[in-house]
Amino acid sequence: MKLQNLRDRLLQQEDLNFLLTNRVPRIALTRFMGWFSQIRQPLVRDASIAVWRLFTELDLSEARKPRFDSLHDCFTRELKPGARPFDPDPEVLASPCDGIVGACGEVAGLQVWQAKGFPYRLEDLFGDPARAEAFRDGCYVTLRLTSAMYHRFHAPHDARLQHVTHLTGDTWNVNPIALKRVERLFCRNERAALHLRLERGGHPLALVPVAAILVASLRLHALDLLLHGRYPGPHELPCDAPVEKGQELGWFQHGSTIIVFAPKGFRLVEGVATGLRVRAGQPLMHLPEDPLPAGDQGVGSTS
């Protein structure tokens with residue numbers, strides 16, 4: 001208990017937290033962690049998980065299997081069947097992952113916020129003004145995954161995954177302390193933009209997984225690629241993969257943040273606000289009543 005209290009006091013010191021998690025060789029540490037976490041040695045595995053438990057509220061009771069081959073195996077764990085039921089209402093867009101809601105609400109033109117007073121623009125995040133335009137005046141939710149959370153993410157609705165853009169970048173920490181200090185942080189970090197088209201109404205949808213220190217790789221089932229800082233390309237990845245609501249899309253090799261973008265007409269479910277803890281499958285947004293006009297269903301898609 002004393003150790004936990006000391007840990008909590010240290011982490012609550014914003015200057016120290018920022019120094020320890022950002023004023024370090026972020027990319028080198030991230031690459032080291034990627035190697036270290038995959039060591040398949042029982043003593044290394046057990047010691048690593050034990051240290052991890054000291055700094056997080058790690059709960060493995062929902063894990064599909066009781067033992068893991070490595071720290072990485074634990075990080076990317078699957079859950080028991082039925083552990084994350086998805087809301088079946090076709091008028092609801094579900095959360096694609098477990099997370100804590102950060103900034104959320106309406107997109108102001110093409111501008112959104114990572115934290116109060118820290119805006120960024122969608123064209124910088126997506127790396128493509130044409131794809132950003134589909135979400136002008138739309139709706140968004142930032143979902144931050146802590147290291148102890150379930151790190152797989154799922155389709156928030158029946159849809160087709162049409163295109164993935166991989167953007168190389170840094171590995172700044174994405175905790176609230178860093179988001180209040182580093183301008184345009186999400187646009188600087190390693191990330192991927194997943195562009196989907198909903199089966200219901202033909203609306204576009206974007207999921208943007210963002211990397212962070214120690215957690216900078218992503219795997220997608222539809223492409224069977226590991227996307228990371230040394231991925232050689234190509235970085236524009238067209239695809240045509242139908243997905244059902246709740247179907248697993250992929251996973252972080254560790255974990256970070258997913259930002260959900262929907263076009264104008266979508267609105268947040270009542271109660272979705274900064275600080276809310278959500279689970280994959282919980283209602284996140286309401287779909288518009290009217291479908292997208294047939295002539296507009298190609299907007300934002302350049303694949």
Side-chain angles (χ1 to χ4, degrees), residues 49 52-53 56-69 71-102 104 139-161 174 192 194 196 198-200 205-212 215 217-224 241-262 266 268-287:
I49 294 176
W52 185 14
R53 286 183 183 275
T56 66
E57 298 176 357
L58 181 62
D59 179 5
L60 301 178
S61 62
E62 295 180 311
R64 188 166 190 166
K65 58 184 184 180
R67 295 190 63 80
F68 305 97
D69 298 329
L71 178 63
H72 171 268
D73 190 30
C74 184
F75 244 118
T76 61
R77 62 191 178 275
E78 293 181 275
L79 300 185
K80 296 173 183 176
R84 293 294 183 274
F86 271 66
D87 191 303
D89 187 347
E91 302 298 332
V92 163
L93 189 77
S95 176
C97 62
D98 289 7
I100 302 171
V101 175
C104 60
C139 185
Y140 78 105
V141 177
T142 302
L143 298 167
R144 179 173 63 91
L145 290 76
T146 67
S147 66
M149 287 180 175
Y150 169 60
H151 293 113
R152 296 182 179 239
F153 53 93
H154 302 254
H157 209 284
D158 296 342
R160 300 189 82 85
L161 177 60
V174 294
L194 283 58
L196 302 97
L198 299 189
E199 295 293 345
R200 188 177 185 84
L205 182 73
L207 305 180
V208 184
V210 182
V215 289
S217 54
L218 176 78
R219 185 172 290 279
L220 300 172
H221 290 298
L223 297 175
D224 194 26
V243 293
E244 296 181 354
K245 193 175 192 177
Q247 181 178 332
E248 186 180 300
L249 295 178
W251 62 90
F252 286 104
Q253 292 292 90
H254 295 293
S256 182
T257 291
I258 293 182
I259 314 172
V260 182
F261 291 96
F266 282 69
L268 297 180
V269 168
E270 185 177 357
V272 173
T274 300
L276 177 71
R277 284 182 174 262
V278 299
R279 285 185 158 199
Q282 288 184 214
L284 197 66
M285 298 182 188
H286 293 292
L287 273 66

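Model, not experiment: these values are computed from the prediction.
Checking side-chain atoms of T274 against main-chain N and O of G102 turns up a donor-acceptor pair under 3.5 Å. No side-chain donor-acceptor contact under 3.5 Å links H157 to the backbone of A94. For H151 (side chain) and T146 (main-chain N/O), a donor-acceptor pair under 3.5 Å exists by modelled atom type.
Side-chain atoms of R64 and R77, non-hydrogen and from C-beta on, never get closer than 4.5 Å to each other. Two residues are said to be in side-chain contact when any heavy atoms from C-beta on lie closer than 4.5 Å; L58 and I49 meet this criterion. Taking 4.5 Å as the limit, every side-chain heavy atom of R219 sits out of range of all side-chain heavy atoms of T76. Between Y150 and E62 there is no side-chain heavy-atom pair separated by less than 4.5 Å. In this structure, the side chains of L161 and H221 stay at 4.5 Å or more apart for every pair of heavy atoms. Here the side chains of V210 and I259 are in contact, with some heavy-atom distance below 4.5 Å. Between R277 and I100, some side-chain heavy-atom pair lies under the 4.5 Å cut-off. The closest side-chain heavy-atom distance from L287 to L198 is below 4.5 Å.
Note that the CD1 atom of I258 and the CG atom of L194 stand 8.5 Å from one another [nearest 0.5 Å]. Atom CG of L60 is separated from atom CZ of R53 by 5.0 Å, given to the nearest 0.5 angstrom. Taken to the nearest 0.5 Å, the CD atom of E57 stands 10.0 Å off from the OG atom of S147. Rounding to the nearest 0.5 angstrom, the gap separating the CZ atom in R84 from the CG atom in D98 is 4.0 Å.
The minimum heavy-atom distance between A155 and L249, with the atom names listed, is N-CG, 3.6 Å. Across K245 and D89, no two heavy atoms sit closer than the pair NZ-O, 2.9 Å. Pairing each heavy atom of L143 with each of C97, the nearest pair is CD1-SG, 3.8 Å. For the residue pair M149 and R144, the shortest heavy atom distance occurs at SD-O, 4.0 Å. Across F252 and F153, no two heavy atoms sit closer than the pair N-CE2, 4.0 Å. Closest heavy-atom contact between P209 and A192: CD-O, 2.9 Å.
Ring geometry for Y140 against F261 counts as parallel: the plane angle stays under 30°, on a 0 to 90° scale with 60° as the upper cut.
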Next on the checklist: Between H286 and V269, is the side-chain contact (heavy atoms from CB on, under 4.5 Å) condition met? List the steps.
Outcome noted: CA-CA 6 Å; H286 293 292; V269 168; 3.8 Å; yes
Checklist entry - Does the pair V92 and M285 meet the rule for a side-chain contact (heavy atoms from CB on, under 4.5 Å), with working shown? => result CA-CA 6 Å; V92 163; M285 298 182 188; over 6 Å; no
Item to check | Candidate pair R200 and E91, rule salt bridge (charged side-chain N to carboxylate O under 4.0 Å, His left out), full reasoning | outcome: CA-CA 9 Å; R200 188 177 185 84; E91 302 298 332; 2.4 Å; yes
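Within a 6.0 Å radius of CD in E78, other residues, nucleotides and ligands contribute more than 12 heavy atoms.
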